[in-house]
Number of protein chains: 2
Amino acid sequence: MSNQNNITLGNLEPTGTVSPKGERCDAAANRKLILATAEKLFAQHGVENVNMAQIAQAAQVGKGTIYRRFANKAELCLALMDSQMADFQNVMLERMRKMTAEGVTPLGQLDQFLDALVYFIEDHAPLLDEVQREGLLGNYDLQVPHFWLHMTTSGLLRQAIEARELLPQLDVAYIADALLASLRANVFLFQRQVRGFSLERISAGLRALVAGLRFVEAE
Amino acid sequence: MSNQNNITLGNLEPTGTVSPKGERCDAAANRKLILATAEKLFAQHGVENVNMAQIAQAAQVGKGTIYRRFANKAELCLALMDSQMADFQNVMLERMRKMTAEGVTPLGQLDQFLDALVYFIEDHAPLLDEVQREGLLGNYDLQVPHFWLHMTTSGLLRQAIEARELLPQLDVAYIADALLASLRANVFLFQRQVRGFSLERISAGLRALVAGLRFVEAE
DNA sequence: GATAATAGCGGACTCTAGTCCGCTTGTCAA
DNA sequence: TTGACAAGCGGACTAGAGTCCGCTATTATC
């Protein structure tokens, strides 16, 4: 397992914050203005309390202008998270490379990945809640972050199996889904706001689920 | 652990299908008519493709009449599931009593409960998807089924701990949340429709998560 | 610099969830 | 049986998500 240091993490497809090829300068300026305006209004009033007409009015653009660039509020929220998601990905990639070089096992890496993910979700929960509102069967673009997280999680699970850390017969695709399901924004917010769970508690609980899947050599 | 056969399963609060105290006969008739009409339209066109105005029209009542009884479509869907939810609860309760009498351990009972729940969700996924659309932070009435499932799951987990089947330090509240999160209708439908997971696969994956939390006596 | 093509604009419009008010009807007490 | 009260009615109305069409402005080509 000495050659396991290149995890295939797909890059996120950039959405709204990056200029599409051939975008006119006025459209580009409006796109930036819309994002900046939305970010400001969300910070002032909370994501769920701001509607698209209010963003259009505050930005002094027409509603059609907003919808030409962003199919819906979820896509606008996803665009606002773009660079942070990419940063998170890059930081995680770098961290895993380091850990691999230092001999940290795949299961240890998964542990740290999930822990970091809990903190990432804490920082972006309101936006994520909006992004995930439609569920997993909605518009493909909105599922890109989930696909990446699933791919990363399942990649690490597979490596842990190959390293004989986890049970060989483990259903990786299912387990990755289940782990990520418990980190859906609406579940997470419920745990934080209603149950009063701390981040440490959430992280520990999640990692305990993984730890339980450890491979104990038969005999 | 010989006295562990009375699990405290709260009864579901009946909603829309049961006459509230003092309900007028015309209101009662309309309520039944609305439910029957909705059920028919949902069966014909799918839950997500039928709106409240269509139900009102088909039932030949005013829209206000629907909203007087059901706060929203989710509550209407929950009402449609009322008796099936109550049946499921009763069947599970009876089954657990039997299993306890036969000496099936709490962990074995949890296994069967989760398996049965997978099949229940399969039968009611479209309605549940509508009920759960608002997430866990929404209107309290819509969370009653979730609360009951959580209570049952955590009750069984606690008994398994007391029976020394599961790790004593297990965070029961967190684990129950996580298990149920993976059975949220939108996740479930994604697994069924997009991933093509079979019910057996989903059930097995879920039960593997629980199995991993087994208590192995230190030595 | 001028012109043509089309991307982009704004806001009137549509659709659906949900609200609410004046009128009607069912129920209960006398 | 009658009258009073309030539950219940229907549909016009509001609010917000989203659509779309006639007009404008940007850009590429000559």
Side-chain angles (χ1 to χ4, degrees), chain A residues 16 18-35 37-38 41-42 45-79 127 129-135 138-139 141-142, chain B residues 16 18-35 37-38 41-42 45-79 127 129-135 138-139 141-142:
Chain A
V18 180
S19 301
K21 186 162 276 209
E23 187 185 42
R24 272 172 32 180
C25 64
D26 55 342
N30 278 331
R31 185 173 32 77
K32 283 172 189 158
L33 177 61
I34 288 162
L35 287 171
T37 306
L41 288 175
F42 290 160
H45 306 290
V47 178
E48 69 279 7
N49 299 319
V50 178
N51 68 46
M52 297 291 258
Q54 288 166 339
I55 297 169
Q57 188 176 47
Q60 294 182 305
V61 299
K63 256 184 36 185
T65 299
I66 297 208
Y67 282 103
R68 188 169 293 100
R69 172 56 61 217
F70 307 106
N72 47 45
K73 192 172 165 188
E75 211 171 289
L76 178 56
C77 289
L78 184 58
L127 289 174
D129 195 31
E130 190 63 45
V131 171
Q132 294 172 354
R133 193 171 295 273
E134 232 177 87
N139 152 23
D141 287 341
L142 296 179
Chain B
V18 179
S19 301
K21 185 162 278 213
E23 186 184 43
R24 278 174 25 181
C25 63
D26 55 339
N30 277 333
R31 183 170 33 77
K32 284 175 188 152
L33 176 60
I34 288 162
L35 287 171
T37 307
L41 289 175
F42 290 160
H45 306 290
V47 179
E48 68 281 6
N49 299 320
V50 178
N51 68 44
M52 297 292 258
Q54 289 165 339
I55 297 168
Q57 187 175 49
Q60 291 180 308
V61 299
K63 257 190 20 191
T65 298
I66 298 209
Y67 282 103
R68 188 167 294 99
R69 170 56 63 218
F70 306 105
N72 46 43
K73 193 173 164 186
E75 210 172 287
L76 178 57
C77 289
L78 185 58
L127 289 175
D129 195 32
E130 190 62 45
V131 172
Q132 294 172 354
R133 191 168 295 273
E134 236 179 83
N139 154 23
D141 287 343
L142 297 179

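Throughout, a chain's letter reflects where its sequence line sits, starting with A, and its residues are numbered from 1.
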- Whole angstrom value for the distance that separates P of D:dG8 from CZ of B:Phe70: 13 Å
- Item | Nucleotide C:dT16, atom P - distance to CG of A:Asn51 in whole Å | 20 Å
- Message: For the CD atom on A:Gln57, are there more than 12 heavy atoms of other groups (residues, nucleotides or ligands in this structure) within a distance under 6.0 Å?
- Response: no
- Message: Determine whether a donor-acceptor pair (N or O, by modelled atom type, separation under 3.5 Å) exists between the side chain of A:Gln54 and the backbone of A:Asn51.
- Response: yes
- Query: Rounded to whole angstrom units, what separation is found between the CZ atom of B:Arg31 and the C1' atom of D:dC9?
  - Reply: 16 Å
- Task: Look at the side chain of B:Arg24 and decide which nucleotide, out of D:dA17, C:dT25, C:dT19, has an atom nearest to it.
- Result: C:dT25
- Between P of C:dT16 and CG of B:Asn49, the distance in whole Å: 11 Å
- What's the verdict on side chain to side chain contact (heavy atoms under 4.5 Å, CB included) for B:Val61 and B:Ile34, showing C-alpha distance, side-chain angles and the deciding distance? CA-CA 8 Å; B:Val61 299; B:Ile34 288 162; 4.2 Å; yes
- Task: Report the C-alpha distance between A:Leu76 and A:Ile55 in whole Å, list the side-chain angles of each, state the deciding distance to 0.1 Å, and finish with yes or no for side chain to side chain contact (heavy atoms under 4.5 Å, CB included).
- Result: CA-CA 11 Å; A:Leu76 178 56; A:Ile55 297 169; 3.7 Å; yes
- Could you please name the option among C:dG8, C:dG18, D:dG8 that lies closest to any side-chain atom of A:Asp26? C:dG8
- Item | 5' priority, DNA chain C, between B:Thr65 and A:Val61 [closest heavy atom] | A:Val61
- Task: Figure out the CD1/P separation between A:Ile55 and D:dG16, and round it to whole Å.
- Result: 13 Å
- Shortest side-chain distance from B:Tyr67, nucleotide among C:dG18, C:dT27, D:dT19: C:dG18
- Just checking A:Gln57: base, sugar-phosphate only, or nothing, at a heavy-atom cut-off of under 4.0 Å? nothing
- Task: Would you please test A:Arg133 and A:Glu48 for salt bridge (charged side-chain N to carboxylate O under 4.0 Å, His left out) and show each step?
- Result: CA-CA 11 Å; A:Arg133 193 171 295 273; A:Glu48 69 279 7; over 6 Å; no
- Spell out yes or no: do the side chain of B:Arg68 and the base of D:dG10 have one donor N/O and one acceptor N/O closer than 3.5 Å? yes
- Message: Whole angstroms only, please: what is the CZ-C1' distance between B:Arg69 and D:dG10?
- Response: 17 Å
- Message: In whole Å, I'd like the distance from the CG atom of B:Asn30 to the P atom of C:dT25.
- Response: 13 Å
- Task: Please state how far atom NZ in A:Lys63 lies from atom C1' in C:dA12, giving the value in whole angstrom units.
- Result: 10 Å
